[in-house]
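Have a look at the structure below, then the notes.
Keep in mind it's a predicted model, so treat the numbers as computed, not measured.
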Amino acid sequence: MIIILKHGADPAAVESLRRDLHAQGLEVHESVGRSRHLLGLVGDTTSVSESWLLSNPVVDSLRRISDPYQKASRASHSEDSVIRIGSTHFGGGHFGVIAGPCSVESARQIESVARSVQHSGAGMLRGGAFKPRTSPYAFQGMGAEGLELLRHARQKTGMPIVSEIMSTEHLSLFEDVDLVQIGARNMQNFELLKAVGRLGKPVLLKRGLSATLEELVMSAEYILAEGNEQVILCERGIRTFEPSTRNTLDLGAIPMLKRMTHLPVVVDPSHATGISWMVKPMAQAAVAAGADGLMVEVHNDPTAALCDGPQSLTPAEFEDLMAALKPQIEFFGKILN
């Protein structure tokens with residue numbers, strides 16, 4: 001990191017800043033030119049608060065030389081990471097598909113959907129047991145019972161399961177979940193991120209509604225810093241001024257994230273658009289943009305769904321989607337598994 005000092009900065013104040021930085025374990029190299037006065041920092045600058053530095057009266061601006069996300073950075077890990085969950089792989093030329101209902105509603109529902117999406121080519125089964133809802137009066141999910149129904153569906157189909165965790169209080173319930181999802185609303189719940197990192201399970205981390213890409217990757221860094229290298233990033237749309245769709249799917253995030261980081265990137269076109277007929281074209285666009293996988297909502301009866309029915313595909317629509325995607329995935333040189 002380079003600190004650019006203000007012109008005519010008080011020498012005593014600069015020296016005080018140097019001492020503070022030394023106390024944080026950093027080497028400070030000073031460079032004084034005709035028009036610039038710089039302090040170059042050497043060491044682990046990820047722990048240095050930028051807001052603290054910018055509040056100092058002698059500091060004009062900052063420039064980072066290296067990425068603040070050290071473990072997630074492409075610079076520190078040039079090869080694509082491959083996350084293996086059962087027979088499904090994400091990243092490194094592999095393409096994985098996760099499908100299932102927004103919420104687990106009954107044994108019959110989840111088992112029916114599981115068999116249909118597996119038949120169509122999905123490798124993993126998703127289903128919400130704990131649901132973060134905008135309204136406190138909306139269906140909040142079946143909780144632990146929903147997770148148990150997911151496990152039964154896994155037992156009958158062999159499909160690994162994906163479900164969202166909302167609280168550190170539920171960690172013990174997720175020890176047998178194959179891929180733990182951190183939802184958009186919890187992307188910056190740092191205590192939950194650290195706890196899930198220590199859980200040692202593969203993690204699907206969704207981008208927050210208003211999060212920048214760097215903020216998403218920094219959240220992934222929290223998980224990686226706990227020793228868990230099995231992180232998949234998920235682009236699920238961001239909030240913009242456009243009201244015709246639920247969110248705005250940021251397809252540009254896919255190639256940018258793949259340049260910034262070595263972690264696999266999957267796309268959730270269901271939450272991004274909120275409209276079932278838009279899922280297919282957005283899924284195809286995500287494949288073309290370089291995504292490593294998809295997460296699609298499928299319900300056996302969307303009109304009767306307790307959660308997010310308007311964005312859910314029927315099993316027949318999902319089968320049509322997979323038939324359209326398979327040759328496209330192969331065209332872009334990826335392996336569907």
Does a side-chain N-to-carboxylate-O contact under 4.0 Å join [X] and [Y]?
| X | Y | value |
| --- | --- | --- |
| E221 | K71 | no |
| K131 | D308 | no |
| E164 | K206 | no |
| R151 | D178 | no |

Indicate, with yes or no, if L179 and L199 share a hydrophobic cluster defined by side-chain heavy-atom contacts under 4.5 Å among Ile, Leu, Val, Met, Phe, Trp and Tyr.
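Different clusters: L199 never reaches L179 through Ile, Leu, Val, Met, Phe, Trp or Tyr contacts under 4.5 Å.
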Give the C-alpha distance, both sets of side-chain angles, the deciding distance and a yes or no for side-chain hydrogen bond (donor to acceptor under 3.5 Å, both in side chains) between T248 and D250.
CA-CA 6 Å; T248 297; D250 184 6; over 6 Å; no
Identify, with sequence neighbours excluded, every residue that meets side chain to side chain contact (heavy atoms under 4.5 Å, CB included) alongside Q328.
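For Q328 the side chain to side chain contact (heavy atoms under 4.5 Å, CB included) partners, ignoring immediate neighbours, are Q284, V287, A288, L325, F332.
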To the nearest 0.5 angstrom, please state how far the CD atom of E226 sits from the NZ atom of K194.
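Reported to 0.5 Å precision, the distance equals 7.0 Å.
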Rounded to the nearest 0.5 Å, what separation is found between the CE atom of M142 and the OG atom of S106?
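Rounded to the nearest 0.5 Å, the CE-OG separation comes to 7.5 Å.
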Specify whether F174 and F130 have parallel, tilted or perpendicular ring planes, treating 30° as the upper limit for parallel and 60° as the lower limit for perpendicular.
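Ring orientation of F174 relative to F130: tilted.
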The test is side-chain hydrogen bond (donor to acceptor under 3.5 Å, both in side chains); show your working for T240 and E242 and say whether it passes.
CA-CA 5 Å; T240 68; E242 178 51 61; over 6 Å; no
For the side chain of S270 and the backbone of V296, is there at least one donor-acceptor N/O pair under 3.5 Å apart?
no
